[in-house]
Protein chains: 2
Amino acid sequence: MTADSSEREWSKSEVRIMEATHRALLRYGYAQLSISRIASELDQSKASLYYHYDSKEDLLLSFLEYVTDQLESNIYTDNNESPSQELERFIETLLPLQLDDDESQLRAAMVELRSQAVMDEKFRKQFTEIDDRIVNHLERIISKGIGEGEFRNVDSTRVAEHMFATISGVMCNRATTNRENALA
Amino acid sequence: MTADSSEREWSKSEVRIMEATHRALLRYGYAQLSISRIASELDQSKASLYYHYDSKEDLLLSFLEYVTDQLESNIYTDNNESPSQELERFIETLLPLQLDDDESQLRAAMVELRSQAVMDEKFRKQFTEIDDRIVNHLERIISKGIGEGEFRNVDSTRVAEHMFATISGVMCNRATTNRENALA
DNA sequence: GTCTATAAGGCGATAGAC
DNA sequence: GTCTATCGCCTTATAGAC
């Protein structure tokens with residue numbers, strides 16, 4: 001199922017490093033994330049990280065792939081739901097209503113990570129891919145809903161694009177302001 | 001006009017520093033923005049910056065105020081437009097269709113700056129205020145449009161909040177992906 | 001594969017002269 | 001108000017032993 005595209009193998013030591021990166025990110029945030037801190041979460045030396053990865057950027061790009069893979073595997077567990085249920089569940093995955101502490105911290109960290117995409121072309125490429133997949137998935141659900149007569153006959157591409165922009169905005173605002181939002 | 005709240009005095013040397021910060025931000029992006037680089041855009045020494053500001057954070061918070069003030073003065077030049085014209089112009093201000101190079105770079109830099117709000121409470125407070133003002137302005141336009149019978153009778157708060165989320169999302173996506181968006 | 005030790009450099013910030 | 005010089009810290013990354 002879902003052998004969509006970039007699913008890749010994660011060796012045991014890679015996973016350990018990715019999880020250490022995850023913990024360090026939650027603990028210190030992106031701006032304070034350093035190789036030293038990742039290494040100390042891993043209980044190993046900095047040098048050993050450079051055995052596995054060429055550079056910090058390299059490690060972080062891997063981490064981005066890792067998180068993307070986890071998102072994908074959370075998303076594509078199709079049951080036999082109706083399109084509107086599927087849509088609702090998908091949005092709930094992206095924007096959990098109840099903010100489990102670690103989960104909301106991870107979303108926040110992803111917003112920080114995303115800001116790297118402004119100046120770093122490799123990051124931007126990765127985020128472009130992530131976003132494309134999300135929009136495509138939205139569009140698929142909407143088209144299905146239209147086909148089954150559950151949704152009005154709208155331009156599914158435009159609606160998916162619009163929904164995604166709104167979702168991104170809420171994610172960003174949750175992470176960077178003290179304001180509160182409703183959904184729908 | 002618009003003596004709304006935080007408009008404050010900007011001395012000549014403050015303005016010079018803010019403009020140097022602006023240039024440094026466009027040139028290097030937030031992650032690579034340092035006191036040294038701002039100083040060299042200013043053609044002065046680092047130490048002189050510390051005469052004017054206590055710390056880097058202090059300087060950047062001032063810069064954020066500076067940019068906010070500029071946004072406000074761009075926004076509140078009311079003509080006698082209809083609400084829908086006003087709305088359109090306001091959105092065009094936030095999300096210029098044609099991406100003047102420096103302008104779009106500044107938007108991008110603001111996205112980077114915003115990501116600081118994830119971990120820094122002072123930044124978050126500042127962005128919360130900015131966003132509140134934008135939403136309030138949107139709401140005012142919508143309410144006026146409803147009063148004049150130009151818009152449908154909707155919940156102006158909710159609609160303003162929704163529109164703002166969408167706008168934020170587009171800003172963020174423009175800055176961090178290579179994807180393209182339409183508007184409406 | 002992991003370690004210790006260290007190189008090389010940028011950073012924020014300060015001291016003290018002018 | 002601006003300068004030069006410098007402190008102390010932390011960073012990414014590497015060398016070389018085990």
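Side chains are part of it too, since the values below use all heavy atoms of this structure and drop only hydrogens, waters and symmetry mates. In what follows, chains carry the letters A, B, and so on, assigned in the order in which the sequence lines appear, proteins first and then strands, with residues in each chain numbered from 1.
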Side chains of A/T177 and B/T128: donor-acceptor distance under 3.5 Å anywhere?
no

Would you say the side chains of A/Q32 and A/R27 form a donor-acceptor pair under 3.5 Å?
no

Need one value for B/S13: base, sugar-phosphate or nothing, where a base atom within 4.0 Å counts as base even if backbone is also close, heavy atoms only.
nothing

Just how large is the angle between the end axes of the helix from C/dG1-D/dC18 to C/dC18-D/dG1, five pairs per end, to 10 degrees?
0°

Partner residues of [X] under the salt bridge (Lys or Arg N to Asp or Glu O under 4.0 Å) criterion, sequence neighbours left out:
{"X": "A/E103", "value": "A/R107"}
{"X": "B/D132", "value": "A/R179"}
{"X": "A/E121", "value": "A/R124"}

Can you classify the ring geometry of B/Y66 versus B/W10 as parallel (below 30°), tilted (30 to 60°) or perpendicular (above 60°)?
perpendicular

Could you go step by step and tell me if B/Y53 and B/L60 meet the side chain to side chain contact (heavy atoms under 4.5 Å, CB included) rule?
CA-CA 9 Å; B/Y53 299 92; B/L60 290 177; over 6 Å; no

Taking the nucleotide of DNA chain C with the nearest heavy atom to each, does B/Y50 or B/A47 sit closer to the 5' end?
B/Y50

Contact boundaries on DNA chain D for chain A, cut-off under 4.0 Å to non-hydrogen atoms:
D/dT11 to D/dA15

Check for a donor-acceptor pair, side chain of B/S48 on one end and backbone N or O of B/Q44 on the other, with a separation under 3.5 Å.
no

Within the sub-3.5 Å range, which N or O atoms of nucleotides 8-11 of chain C have a protein N or O partner, and how far apart are they?
{"residue": "C/dC11", "atom": "OP1", "partner": "B/S34", "partner atom": "OG", "Å": "3.3"}

Test salt bridge (charged side-chain N to carboxylate O under 4.0 Å, His left out) on A/R8 and A/E14; report intermediate values, then the result.
CA-CA 12 Å; A/R8 88 173 210 206; A/E14 275 178 308; 2.8 Å; yes

In short, ring pair (Phe, Tyr, Trp, His ring centres under 6.0 Å) pairs touching residues 84-106 of chain B with sequence neighbours left out are B/F90-B/H137

Can we say A/E19 and A/R23 salt-bridge, meaning some charged N sits less than 4.0 Å from an Asp/Glu carboxylate O?
no

Per the under-4.0 Å heavy-atom filter, residues of residues 15-26 of chain A near DNA chain D come out as none

Under a 4.0 Å heavy-atom cut-off, which of residues 118-125 of chain B touch DNA chain D?
none

Apply the test salt bridge (charged side-chain N to carboxylate O under 4.0 Å, His left out) to residues B/R133 and B/E129: give CA-CA distance (whole Å), side-chain angles for both, the deciding distance (0.1 Å), then the verdict.
CA-CA 6 Å; B/R133 288 200 206 171; B/E129 199 188 311; 2.5 Å; yes

Applying salt bridge (charged side-chain N to carboxylate O under 4.0 Å, His left out) as the test, list every pair that has at least one member in residues 54-64 of chain B; sequence neighbours left out.
B/E57-B/K122

In the hydrophobic clustering (ILVMFWY, side-chain contacts below 4.5 Å, transitive), which residues join B/Y28, or is it alone?
none

Got a list of side-chain donor-acceptor pairs under 3.5 Å for residues 149-156 of chain B, not counting sequence neighbours?
{"residue": "B/E150", "atom": "OE2", "partner": "B/S84", "partner atom": "OG", "Å": "2.7"}
{"residue": "B/D155", "atom": "OD1", "partner": "B/T157", "partner atom": "N", "Å": "3.1"}
{"residue": "B/D155", "atom": "OD1", "partner": "B/R158", "partner atom": "N", "Å": "3.2"}
{"residue": "B/S156", "atom": "OG", "partner": "B/S143", "partner atom": "OG", "Å": "3.3"}

